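Read the structure below first, then the notes.
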Amino acid sequence: MIPVTYYLVLSAVLFLVGATGVLIRRNAIIVLMGIELMLNGANLSFVAFARQFGMVDGHIYVFLVITVAAAEVAIGLALVILLFRNRGTVNIDEVRSLRW
Amino acid sequence: MNHMTESFSYVWLIPFLPLLGAFINVFVNRNPRVSGMIACATVAASFLLALGVFFQLIGLPDGERSVDVVVYSWITTGTFAVDVAFLVDPLSTVMMLVVTGVGLLIHVYSIGYMGKDACCVRYFSYLNLFMFAMLILVMGNNFLLMFVGWEGVGLCSYLLIGFWCERRSAANAGMKAFVVNRIGDFAFILGLLLIFLYAGSLTYADVFAADPAVLAPVITAITLLLFVGAMGKSAQVPLHVWLPDAMEGPTPVSALIHAATMVTAGVYMVARCHVLFAQSATAMTAVAVVGAVTAIFAAYIALTQYDIKRVLAYSTVSQLGYMFLACGVGYFTAGIFHLVTHAFFKALLFMGAGSVIHALEHALEKGRDPQDLRNMGGLRDLMPVTYKSMLLATLAIAGIAPFAGFFSKDLILLGAFVNAPALWLVGLATGAMTAFYMFRLLFMTFGGETRLSRDETEKVRESSRVMTIPLVLLAVLSTVGGFIGIPHVFAAGMDRFGGFLAPVFSGLPEAQVPSASVELTLMVLTLLLAAAGIWGAYTVYIRGNSIFDRLVPRALYTLSLEKFYVDEIYDTLIVGPVRKIARGCWRILDSAIIDGGLTLAALTVRSMGNAIRYTQTGVVQNYALIMVVGALVVFAYITGFLGP
Amino acid sequence: MELYFFLFFAIVAVASSVAMILQRNPIYCVLLLIMVMISIAGLYLMLDAQFVAIIQIVVYAGAIMVLFLFVIMLLNLSREEGGVFRIQKPLAVLLAALLFLPVAAMVMSYAGGGTTPPADGGGAGFGEVEQIGTLLFTKYLLPVEIAAVLLLIAIVGAVVLTRKGTVSVGE
Amino acid sequence: MTELPFLSLIIWLPVLGAVLLLFVKGDTAARWVGFGVSALVLVLFAVCFGAFETHLGDPQFVERMPWIESLGVSYHVGADGISILLAGITALMWPLALLGTWTIVSERVRAYQVFMLLMETTLMGVFFSLDLFLFFLFWEGMLIPMYFLIGIWGYENSARAALKFFLFAVFGSLLMLAAVITLAFLYHQAHDVLTFEMAALYQLSIPPEVQFWLALAFIAAFAVKVPMVPFHTWLPDAIVLAVVLVKMAAYGFIRLTLPLFPDALAELAPLMCAVAAAGIVYGALIALAQSDIRRMIAYSTISHAGFVVLGVFALNQHGIQGAVVHIVSLALSTGGLFLAAMMLVQRRNTWDMEAYGGLWHTIPVFSAFLLVFTLASVGLPGLSSFVGEFLILVGVFQQHIPIAAVAATGIILAAVYMLRMYRKVVFGPLTREENKGIRDLSFRETAVLACMTLFIIWIGVYPNPFLRTMEASVQKLLVQTHRLAETPPAGMTPETIQDMR
Amino acid sequence: MNTALPVINLYAVMPQIVLVSAATVVLIVGLFERFRKGIPYLSLLLLAVSGVVAVNQLGLGPVPFSDVSSMMVMDDFGLVATLVFIAGAVLTVLISISYAEARSIDRGEYYALLIYAVSGMSMMAASTDLFTFFLGLEVLSISLYVLIGFEQRDAGSNEGALKYFLLGAFASGFILYGMALLYGASGSTEYEAIARTLGGERSDAVNLLLLGGLGLLLVGIGFKISMVPFHAWTPDVYQGAPTPVAAFLSTGSKAAAFVVLIRLLGSVFPGLQMEWIPLISVLAVLTIAVGNVVALVQTNLKRLLAYSSIAHAGYMLLPLMADSQDGSASIVFYLIVYTAMNLGAFGVLAVLSARGAPCATLEDLAGLGSRRPLLAAVMAVVMFSLAGIPPTAGFMAKFYLFSALVHGGYVELAVIGLLFSGVSLYYYLRVVVWMYMRPAAETPAEAAGRLSYTGMTALCLSALAILAVGVFPSELLQLAERAVMTLP
């Protein structure tokens, strides 16, 4: 049995890599993917904890989180498409008319 | 005491009637010709009432000649209680008589002098208002009421000096008078506060009856502060500067306010507070020294002035100095006596001068100053009544026996000789100078060759009756007025004036009286010096001898002519710096430092706002980065909190 | 043996994820993310979470990621040009690394929090469809309903936002 | 005593008037409504004043009802000798001010009347509140009408002035708010009852070091509005209502700072006196350097306000009674001065003294009134200010002789700057062509100024009715301030408050 | 397989059910073009119905959703919060009508999403479990993403939506990870279970996990309430969003997050009060400071209001420290008042923007006082209220809030907060200055024609409410107090 800590550390790494992706990428879609990565990291923790407690609740959370992720992706991609239509780009560092 | 109070209960009418007159003139009367009548009538009524008081008072035994008449309770808070109440005693009665009597004559004279002025309604209401204030001053039974009158006369003086306010100089002079007076009043108020703090009351009776031990720690402070007040009002050096400028007012005003009554308020106050002053040797010395110095100082300036009214003004300052000298050496009666006689002859002098000016105003060509002695001369025959009455007054002020001035001045010098020989010498010298400059004035005005052109000479007329009658009356008083106080050496028990006032000053130690021979010697000496002064004036101004030009150094002459540069010194040392400080306070402290500091604080906040504002780059990942920083802080905090 | 599997999946997941955030070509990014998803699904299996593992592959890797791919292709996105985040990039990496320290410290000290994992994974049927299904319709009825609403909103939203005819490209 | 809720009527009638004004069309009608309502308030007040029993130190005409129970706040109003005097001068000044500015304010007349009436309400509320919370509510609420009055109908740069004033005032008040909350909290800690009753809070014993800070917070609020140097720089820009603020702030000092923080005053009172005295001289000096009439009046107000504060912090009967009388007389003299100046400026449209001169013969009636107000400001005996100033000096002299001496120099300086102004405006030769055609005061203007003059003379000549009105109240206040008696007044204990719930 | 079906109280989630149904009805009806004009009124009606349902349930005590796991509970706190959200939504709908027409976004989906958002907020308020909270939050967020981006043609709207979406999803990630940690620490996601774990004996390790989890939650919730340093999105998004949506965003979503914070911290705070106070107080003060100081230099009205709303969030954070019923009640009261004020402020802009050119900057307000006296008066009332000047509700709210803070023993914080609220006066009054004391340079486009009746009704209502509550706050105070009474 692998200690739960391993999974947790892995999930932390994935979460932070995802967060880093959000911070450094210009392409809105990749940023969105970074967020997905973060969610996956969190999910991994849930499942690891569920195993640790021997309770299946954590799985349900993951199930629900995937639903949420799907919803978010739908909206996110819609917004990206809209952005592309409006400005012909998906690079969000070019979208900075609202500032100061 | 009660029935006595009742029998005097009408005294409130004495100040009130002139006030009524002023009121009528301001609000009811629109007719300039009636205004003078109204004013005179009310003052006459007051004078009659004052006479009534006088006779009622001499009907009373010595010990009961002091009555408080309470009108109503004025200011009451806790332990502080001041009434509007009048004190009827010989001293206030003398003052009432002088004020209403001389005042009445001057009112009458004013009808002639000011009757043609477009604003004479206003003039008479001011004049009446002045009578009211002056009477409050002398009649009040407490310090605060005195202060009301004190400031009230100051106000009227301000208004009357500035009567011809469209003249810049008049407006300035009025303000100067008020402000300089205020400096004295400031000290006066502090004195009052000290009195209240230690004596617990401001009523004369309570204060004078207070245990000297209670007042002892502050008595010098109190008396000196009060005296500073008196110096302001009575134009003593160094607060004398306003009085010569006050001559900007109409001449009757100068006669009434700046010679006969208001300026003597200081003397009255010191005499009134003789109980307090007597407790402080320092204060007495100060009074005497200031008086003496003022006397000679002003006389010295008067020697060279060319403006007829300025000569008289400096003469007034000088004579007031005499009065203070008297008070300072403990001869309060003498001070008051001189106050009375001075009121007669100085009022007369001013009115005479007014008569001359009035005549010359119409006669002189445009651009020629009707007040300048150098534009006069030889008026003796053109204005005989004026000349004669002025001659009598000049003799009186010069202290020639048996005119009024002789007796009072003699008494003062006697007191000085006994108590402060050095000051006596000063007084003596002043006497000579007085004689000189007064006769200089007389000779330059009436004597010698006329300096008027033929056309002008033809236009000069003697003044009308309404002006000359008061002159004559006052001339009589100047001549015989002294006999109310004949010195002991001539006729024992004939000092009626001193006798009348005796109950007031009864608390003082018995004055030392030198032997009769000494006294007589002194008189002769005084007379000789006066005669010398007259001779000097005659030599120079009638004979045209320029002996003084050769004898006196130019510098001394200039010093006198330029009035010791006192105004200039004040301008440089006080007025200028105060103005600079005021500007500095405003421009530097207020605008730059306080307001600027606030602006700076506001700017700092704004620039902080701008600094943070520009972190808002609009790039979404920057925002995310900031969030991560926040998360890091949170985590650092948590782990730091529970860490090793 | 388990450890090797774990290490394998873990290394693949981390490597792919790091590659994903560094990869300039968006298509490759999607593929890399799918790799991560699959590795994670493997890990789920190791944690006795069969149902979740399936869902992860079918829904996440299969549906959601395809959606990404679809959009990328739809927009015909080319390689990302050099970033403008000159300061942001190193800063972000540094921050993430810094943030890793407390988080790792936190989870490493956890060690089960006093509990020990049941050897058989919580009894028969742990992580299987039936058990999860039962819970979904009893204890978690409400969240499931809410999730349904959520999906409805997402659909409506996506439709509203992308409805054609109101916006033309480049406007 | 009648059963009518006099105080509430006086407080709220102007609000009713303001609401009525919203439905009034036309400037003249609006003026009449504004004037009528404020006159009605004056009449009501006169009736109320007639029924006031001067020998009582306790609040009269008390009205009380629960209001915000969960915060322990009640609507509790009453008038004692001090408040009734200050409210009285307000009631008097309001119709006069409205009448005086009848034509001066010619833009947005209706709004002007509305804000003036609203301000009257808040002022009355401040004076009559017996609940600290209620007091604060009125205190802060007043800022709104005041802000608009300064901002819209002020003179040049008025928007900035209004903002500046508002910020100043609010920073002070916010500190006070913190202190108010803390007071209630302390009371709650001690008695387990939440209340803002002033009478109850007076009884609270607070540790001296806490008192010190609380007192400072209160003082900050009042010092800004009085205004005391160095918190005064808003005033020259926002002079329009300065006199009103002096009234309020001084009332705040008397009503709250003194009885609430007796121990802190041991340290603070001398300090306040010193600052006030410095302010007197400072304000006077700067007034001396002004050539703008408005700024001159502003700085003279600062100087006079120094006297008021000085009197209050003399902490004795003379000082406080003097301060109250001085406040009343300030309203009349400085108020009159400013009103007169506004009338003049309405005719010539400049505040520069140098632009005038030689008015005496052109507009004698105006000049006469200006003289009266000038002299009143100078503190001439026989006019109102003298009584106040002298009593204040008497009071302070008993505590701090040097401070009183410094303060008294203000008397000299006042004469200088006031007469300087008068000389420049009225005296001197008539040099400017445009000054020749100036109209003298109209009947309405004359009536307004005459009315004020009457009161100035009345107070100067016979101030005792005013002094007597507040004597008992001031004594009671001093008992509280010096904690001379341990018995709580009028049965105010935590228990009774609890019962009243 | 023997499954015991849980006992379910549908009654307990009635308001949420009604809201979701209402939204769906609006959505469906909105599909028919011919009902287009009637949609807002239908929305109002349905919102009113939900309001009535919620009111009817007031005082019926805490009723959990089911016996197995509480997930959601029906109590006064949640109901009062729901009522506030509904009221906010009603006002939003009212000010939306003319604006939406002018911008051609007056579609059924707009109003439906608005009501969905309300239902999400209501779920958040009623949640007693992290998961339902999370889902409620997502319902709210996703609705808002769409609403913000609703003006497809408008680049600003689009940009705002994208920014809000990316950051919101980012924050959701944090929340989720935090939930995972909390789940790991306590084996459950119920507030109570977490509180139990906190309250009981616990090892340092668990403790760390708990604190870490809560820290991550704080990041996520801090994002929603625009707490510094998670605030950066606020001005951009408010500026970009359609004005009524910005109004809704600044009130409803923030209020919902606060409600969660109160409920969550009410449960778990006693266990870690001492440890958190310095952090939260520093963040709160920073929030107040940044909000107020930056607002000083803004000239764009929506950005100005955004910073002001950041500052207000800071004030509302303060009483959390006091950890008392009073403190919570004061936040609830403040939220209610704040909702009215901010909707009023944005509402004025929305109503003005509905006519011609958008009302964007301070200059656009010049001369409003004489041009639109009523509207200007409303704006003035709102500004004074935001500034906390009596007799407005804003003052009462601030007073109550700072009272609670002082009674909790945090005098210094109260003083700091009050002083910054003094700073805030400057920019609130600047709005008034522009309206009343500066003449308009030229007659702006909106000067012609009538303003929308519905919008004006809403604005006058909120202004009157602000004044009324300012003078007679008792009822509302009692409501707020009653709301927090049921909290643990």
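In this text, all values refer to a predicted model and were calculated from it rather than measured experimentally. Every chain is numbered from 1 and lettered A, B, ... according to where its sequence line falls, protein lines coming before strand lines.
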Please state whether the side chain, the backbone, both or neither of A:Leu83 comes within less than 4.5 Å of a heavy atom of chain E.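 Both the backbone and the side chain of A:Leu83 come within 4.5 Å of chain E.
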Using non-hydrogen atoms only, which part of A:Ala78 is less than 4.5 Å away from chain E: side chain, backbone, both, or neither? neither
For A:Phe63, give me all partners under ring pair (Phe, Tyr, Trp, His ring centres under 6.0 Å), at least two apart in sequence or on another chain. C:Phe51
Portion of E:Phe134 that has a non-hydrogen atom of chain A nearer than 4.5 angstrom: side chain
Chain A contact via E:Leu216 - side chain, backbone, both or neither, heavy atoms under 4.5 Å: neither
Quick one: list whatever passes side chain to side chain donor-acceptor pair (under 3.5 Å) with E:Ser250, sequence neighbours left out. E:Asn342
If you measure from [atom1] on [X] to [atom2] on [Y], what distance do you get to the nearest 0.5 Å?
X	Y	atom1	atom2	value
E:Leu209	A:Leu8	CG	CG	7.5 Å
E:Leu162	A:Leu98	CG	CG	11.0 Å
E:Leu176	A:Ile35	CG	CD1	12.5 Å

Looking only at non-hydrogen atoms, find the nearest pair between E:Ile142 and A:Ala71 and report the distance.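 In terms of heavy atoms, the two residues are closest at CD1-CB, 3.6 Å.
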Using only the distance criterion (under 3.5 Å, no hydrogens considered), which donor-acceptor pairs connect chain E with chain A?
from     : atom 1 : to       : atom 2 : distance (Å)
E:Gln152 : O      : A:Asn86  : ND2    : 3.1
E:Asn158 : OD1    : A:Leu83  : N      : 3.4
E:Asn158 : OD1    : A:Asn86  : ND2    : 3.3
E:Glu159 : OE1    : A:Arg87  : NH2    : 2.9
E:Glu159 : OE1    : A:Ser97  : N      : 3.2
E:Glu159 : OE1    : A:Ser97  : OG     : 2.5
E:Glu159 : OE2    : A:Ser97  : N      : 3.1
E:Glu159 : OE2    : A:Leu98  : N      : 3.1
E:Lys163 : NZ     : A:Leu98  : O      : 3.0
E:Tyr183 : OH     : A:Gly58  : N      : 3.2
E:Thr189 : OG1    : A:Tyr61  : OH     : 2.8
E:Arg303 : NE     : A:Trp100 : O      : 3.0

Is there any residue in residues 12-19 of chain A with a non-hydrogen atom under 4.5 Å from a non-hydrogen atom of chain E, and which ones are they?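 Heavy-atom contacts from residues 12-19 of chain A to chain E are A:Ala12, A:Phe15, A:Ala19.
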Any heavy-atom pair between the side chains of E:Leu166 and A:Val22 that's under 4.5 Å? no
Flag side-chain contact, heavy atom, 4.5 Å: E:Phe131 against A:Val65: yes
